[in-house]
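I have placed the structure first, in the form of structure tokens, so that the comments after it can refer back to it.
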Amino acid sequence: MSKNLTKRNEDYSKWYNELVIKADLAENSGVRGCMVIKPYGFAIWEKIQAELDRMFKETGHQNAYFPLFIPKSYFSKEASHVDGFAKECAVVTHYRLKNDKDGKIIVDEDAKLEEELIVRPTSETIIWDTYRKWVQSYRDLPLLINQWANVVRWEMRTRLFLRTAEFLWQEGHTAHATEQEALIEAEKMQGVYADFAENFMAMPVIKGVKTESERFAGALETYAIEALMQDGKALQAGTSHFLGQNFAKAFDVKFTSKEGKQEYVWATSWGVSTRLMGALVMTHSDDKGLVLPPKLAPIQVVIVPIYKGEEQLNLISEKVQPIIDKLRAKGISVKFDNRDTHKPGWKFAEYELKGVPLRIAIGPRDIENDTVELARRDTLTKEIVQQEDLVSIIEKLLAEIQESLFTKALAYRDSHITEVANFDEFKEVLETKGGFILAYWDGTAETEEKIKELTKATIRCIPNDTKNESGSCVFSGKPASVKVLFAKAY
RNA sequence: CGGGGUGUGGCUUAGUCCGGUUAAAGCGCUGGUCUGGGGGACCAGAGAUCGGAGGUUCGAAUCCUCUCACCCCGACCA
């Protein structure tokens with residue numbers, strides 16, 4: 001491992017790429033655009049999954065699993081959906097290989113599929129084709145299903161976690177009897193995502209709705225949570241869609257209402273992906289490596305012994321064991337790194353790189369004084385504490401770190417929402433300061449497109465808490481009734 | 001998919017323009033000794049058909065042709 005990470009202010013993008021690899025989160029694979037998620041990275045993802053899964057179930061959802069392959073005919077039933085994904089689909093055309101005359105493995109042209117299969121870029125079509133059979137009466141509704149799966153979107157340019165050709169995610173797909181209920185569901189899940197982002201990832205997000213051009217292919221409304229990264233670029237961290245009756249109509253999913261009438265069901269879908277890993281990295285980490293919020297850190301506390309010779313190590317191990325037991329009893333994950341193959345200094349740097357929130361160092365001096373050295377990853381501060389106070393201090397500190405990461409990220413985010421009144425200011429802020437720009441927008445796709453062309457900034461969302469005010473559009477000067485958030489985005 | 005670039009031990013690179021001993025260095029790896037409160041030192045080792053195929057030549061990492069892969073910048077996207 002080379003010693004130094006590129007500094008964030010030198011090259012943020014390079015810093016990110018290096019960090020993901022050096023912190024052992026993921027690496028590129030032999031397959032273009034596809035990553036290998038390494039054990040440490042996957043452990044974080046598992047924590048994200050576990051918590052989200054709990055939240056989904058708490059809000060009444062059940063998990064299920066639908067196929068990886070989608071028949072092309074299903075896919076083409078919803079027109080705008082096809083338009084949105086057609087350009088990035090992997091297609092399975094054959095089902096057999098054979099040896100050619102030189103002994104090379106080739107595709108067997110005789111084994112052509114009657115109907116080609118799309119590798120799912122998302123599962124709306126196959127799920128709605130299934131829901132048709134599941135839904136007959138209003139009594140079968142609502143249908144509240146989630147699946148954890150991988151999906152494939154054939155991206156031209158990929159970056160670990162932020163955009164990969166294959167990624168892991170969850171996709172919720174719900175069916176409701178009324179429009180109102182589906183709308184509430186879509187908004188509810190946006191709230192679940194925001195809650196998760198802020199309380200577990202310690203990442204402040206803005207809840208809002210997407211403009212028509214940024215909307216999911218096939219949705220009537222897309223609710224999103226938008227986060228701000230340290231380099232001033234926005235990142236869409238989760239989306240929840242109100243699909244109206246589009247998929248119900250395309251797949252003929254009807255139910256008999258209480259009144260005995262045949263009606264189409266109302267739909268939502270919502271998802272977050274391994275992209276959250278990228279968001280997590282870019283929200284908190286620093287030039288020394290990852291900084292993980294305690295609630296998602298695979299290792300919350302690491303203990304590094306400092307010793308000379310086996311005898312001292314044994315003595316320290318004895319002292320450490322009750323500490324480990326007490327911490328584990330409190331549900332805190334602890335690693336005692338007693339490897340003799342690495343030096344303390346090396347380990348310190350290693351765990352800083354990996355973002356372990358708290359580090360305990362314990363050596364002969366501490367044994368004498370019944371103390372340990374306790375170091376915080378987020379502030380890089382160290383203090384000497386008495387062993388008897390250790391567990392309660394750690395509990396408090398973990399909570400404090402979680403809180404402080406959020407507060408710090410929030411302060412950064414809030415100081416990077418800049419309201420502008422005209423387009424010169426807009427460009428000025430975008431170039432010099434970055435972040436979100438709050439401005440009046442006339443509501444037209446033309447304006448949105450022009451601004452994107454000229455500045456590369458897009459409308460990230462119309463914030464939920466926006467007030468109905470009137471002003472003039474930052475670009476066109478035409479009357480405008482909403483303020484929206486612009487930013488350059490990942 | 002358009003423009004640019006790079007492929008040399010596990011990693012990062014030098015050497016390529018201008019062909020000529022046994023392909024070089026740092027990191028990492030293995031063994032050992034000393035060490036141990038912030039990536040420690042020294043000694044001794046292992047490890048490369050120079051991305052692949054073909055060609056030119058007495059001789060190719062170096063020149064030519066083809067091919068593959070990856071990276072960066074654009075268009076597209078969670």
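Throughout, protein chains are lettered first and strands after them, A, B, ... in sequence-line order, and every chain is numbered starting at 1. Small disclaimer: the values here were computed from a predicted structure and weren't measured. Because only heavy atoms are used, hydrogens play no part in the values below, and waters and symmetry mates are left out as well, while side chains stay in.
In this structure, A:Lys354 is positioned above the aromatic face of A:Tyr40, its NZ or CZ under 6.0 Å from the six-membered ring centre and within 45° of the axis.
Listed nucleotides B:rG36, B:rC76, B:rC72 differ in distance to A:Tyr307; the shortest reach to its side chain belongs to B:rG36. Among B:rG37, B:rU35, B:rG36, the nucleotide with an atom closest to any side-chain atom of A:Ala361 is B:rG37. Which of B:rC73, B:rG38, B:rG36 sits closest to the side chain of A:Arg157 comes down to B:rC73. When distances are taken from the side chain of A:Lys382 to each of B:rG38, B:rC71, B:rG39, the shortest belongs to B:rG38. Among the nucleotides B:rC76, B:rG36, B:rG39, the one closest to any side-chain atom of A:Ile306 is B:rG36.
Below the 3.5 angstrom threshold, one finds a donor paired with an acceptor across the side chain of A:Lys343 and the base of B:rG40. One cannot find a donor-acceptor pair under 3.5 Å joining the base of B:rG36 and the side-chain atoms of A:Gln312.
A distance of about 14 Å separates the C1' atoms of B:rU8 and B:rG47, rounded to the whole Å. Across the P atoms, B:rG51 and B:rC17 are found 15 Å apart, a figure rounded to whole Å. The P atoms of B:rA23 and B:rG5 are separated by 31 Å, rounded to the nearest whole Å. If you take atom P in B:rG9 and the same atom in B:rU62, they sit 15 Å apart, rounded to whole Å. With P as the reference atom, B:rC71 and B:rU13 are 14 Å apart, rounded to whole Å. Of the C1' atoms belonging to B:rA61 and B:rG7, the separation is 11 Å, rounded to the nearest Å. Of the C1' atoms belonging to B:rU33 and B:rG38, the separation is 24 Å, rounded to the nearest Å. Rounded to whole Å, the P atom of B:rG59 lies 16 Å from the corresponding atom of B:rG54.
Between A:His61 and A:Trp270, the gap from one ring centroid to the other is short of 6.0 Å. In this structure, A:Tyr193 has its ring center at least 6.0 angstrom away from the ring center of A:Phe196.
Contact between the side-chain N/O atoms of A:Lys456 and the OP1/OP2 oxygens of B:rG74 is found at a separation under 4.0 Å.
Both A:Lys308 and A:Arg159 lie close to RNA chain B; mapped to their nearest nucleotides by heavy-atom distance, the more 5′-ward contact belongs to A:Lys308. Position along RNA chain B of the nearest nucleotide to A:Ser13 versus A:Glu214 favours A:Ser13 as the more 5'-ward residue.
If you check every strand for non-hydrogen atoms under 4.0 Å, A:Ser273 touches a base. At the heavy-atom level, A:Asp340 lies under 4.0 Å from base atoms of the strands shown. The residue A:Tyr490 sits apart from the nucleic acid: no heavy atom pair falls under 4.0 Å. Residue contacts for A:Glu155: at a heavy-atom cut-off of 4.0 Å it reaches a base atom on one of the strands shown. Heavy atoms of A:Leu162 sit under 4.0 angstrom from at least one base atom.
Under the salt bridge (charged side-chain N to carboxylate O under 4.0 Å, His left out) rule, A:Glu352 has a single partner from A:Arg359, A:Arg377, A:Lys347, which is A:Arg359.
A salt bridge links A:Glu214 to A:Arg460: at least one charged side-chain nitrogen sits closer than 4.0 Å to a carboxylate oxygen. Ion pairing of A:Arg8 with A:Asp287 is present here, as a side-chain N (NZ or NE/NH1/NH2) and a carboxylate O approach within less than 4.0 Å.
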